[in-house]
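Start at 1 and go down the list; that is how both ligands and their atoms are numbered. One-based numbering along the sequence shown.
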Amino acid sequence: MKSHLKHIEQKLSNRKSENAFRELKLNDNLVDFCSNDYLGFASEQEIHAFEPAQKYGSTGSRLISGNHLQTVEVEQFLANYYKAESGLIYNSGYNANMGLFSCVAQRTDTIIYDELIHASIRDGIRLSNAHSFSFQHNDISSLEEKVKNAKGNVFVAVESIYSMDGDEAPLNDIVEVCKKYNAALIVDEAHACGIFGEKGEGLIVQQKLENEVFARVVTFGKAYGSHGAIVLGYKSLKDYLINYSRPFIYTTALPLSNVLTIKKAHQFLAENKDRREQLLELIEYFKFRIQGLKFTIVESNSSIQCVIVPGNKEVKYLAELIQSNGFDVRPILSPTVAKGKERLRICLHTFNTKQQVDDLLKVMGGEL
Ligand SMILES: Cc1ncc(COP(=O)(O)O)c(C=O)c1O
């Protein structure tokens with residue numbers, strides 16, 4: 001036992017010496033510039049305090065006792081909402097990506113993914129038996145080079161909005177490369193859905209590319225203020241996942257109340273376009289205001305705005321200074337991002353005010 005603990009403690013001490021030790025913190029009433037609750041839906045009573053016709057918890061996996069008529073109906077409602085043929089709900093975005101990528105490609109196939117792709121997709125790829133290669137972030141020639149030389153059926157994985165940078169994938173160009181080499185495109189829309197598109201359907205629908213993608217992953221723990229995710233795609237993909245996707249098969253289904261909350265959040269979103277418009281206006285305001293300051297920023301039109309502060313120690317110091325002034329901004333450290341690319345990740349929300357943005361930028365610029 002002693003040697004086991006010694007190994008664990010050594011690893012922890014490495015993290016501490018690299019200033020990369022992770023700790024769970026309680027939120028202490030600071031102004032929220034860090035959560036994924038972009039539209040304020042997490043505290044929206046119309047979404048969470050409704051009275052479902054049937055209150056029911058989980059009793060088993062979807063394949064045993066955890067399937068309900070309402071769940072099936074919500075899946076089809078969501079497929080229609082996102083203009084897809086069908087959809088399969090997973091317990092989280094992490095599970096959805098693990099579940100999809102671990103089984104979609106066979107041993108002789110290849111998955112090509114953007115180098116900044118989310119950990120859940122990397123972990124899914126790791127579990128699959130397929131060949132896999134990364135391409136340079138948002139670089140079409142790098143993507144083409146990799147796809148051209150890939151073996152078997154080729155899958156390409158991207159995010160429409162990247163979680164740690166907030167920037168957008170050049171989806172039209174990616175679709176062209178995929179078409180040219182007959183590759184199947186899979187797009188994670190975790191940070192785009194709820195925000196972009198006429199009803200918040202995400203960038204794929206906004207750019208009318210829904211018929212060009214093999215699958216999409218939409219998560220409900222971010223703009224929707226709920227929990228869970230859906231994989232959207234062909235009916236045969238849904239049937240395949242029900243048969244082969246272990247993170248779907250071997251887990252207890254989401255409780256019905258959660259599933260109904262997801263539907264409620266979509267209905268609320270469709271009826272409250274002003275929420276999205278308010279957010280988009282605040283994003284523009286932030287971008288305009290930060291221009292005048294001498295920061296290295298990642299170009300982004302999304303609610304995720306990043307300021308590069310190289311070095312774990314340096315970015316942690318600045319984040320703590322900002323927090324002590326009342327704003328909850330979190331540092332993103334290496335190894336979560338590459339060394340030298342450590343950053344402050346500022347998330348903008350409908351409920352943030354322009355005054356709060358001004359005050360935050362004053363603190364960052366050393367004025368307060
Ligand atoms: C791009 C992306 N995909 C998937 C996930 C996982 O989603 P969830 O938090 O629902 O597990 C996240 C969130 O961390 C994400 O940013």
Contact region, N97 to ligand 1, non-hydrogen atoms below 4.0 Å, reads side chain

Do R343 side-chain atoms and M164 backbone N/O form a donor-acceptor pair below 3.5 Å? yes

Using a 3.5 Å distance criterion without hydrogens, assess whether the side chain of N258 forms a donor-acceptor pair with backbone atoms of P255. no

Identity and distance of the protein heavy atom lying nearest [atom]:
atom	value
atom 7 (O) of ligand 1	G93 CA, 3.3 Å
atom 5 (C) of ligand 1	H118 CE1, 3.5 Å
atom 2 (C) of ligand 1	D188 OD2, 3.4 Å

Tell me whether [X] reaches ligand 1 (any heavy atom closer than 4.0 angstrom to a ligand atom).
X	result
K222	yes
G221	no
H191	yes
S120	yes

Do the charged groups of [X] and [Y] touch, with an N to O distance under 4.0 Å?
X	Y	result
K354	D358	no
E201	R216	no
K287	E299	yes

Which ligand 1 atoms, with their elements, are less than 4.0 angstrom from a heavy-atom of E159? 1 (C)

Identify, by atom number and element, the atoms of ligand 1 in contact range of S163, meaning under 4.0 Å from any of its heavy atoms. 16 (O)

Looking at K83, I want to see if its NZ is surrounded by more than 12 non-hydrogen atoms of other residues, nucleotides or ligands under 6.0 Å. no

Should Y94 be counted as touching ligand 1, given the test is an N or O pair under 3.5 Å? yes

Below 30° counts as parallel, above 60° as perpendicular, anything between as tilted: where do the rings of Y224 and F220 land? perpendicular

Using the rule side-chain hydrogen bond (donor to acceptor under 3.5 Å, both in side chains), only one of E342, E18, K339, K341 pairs with S334; which is it? E342

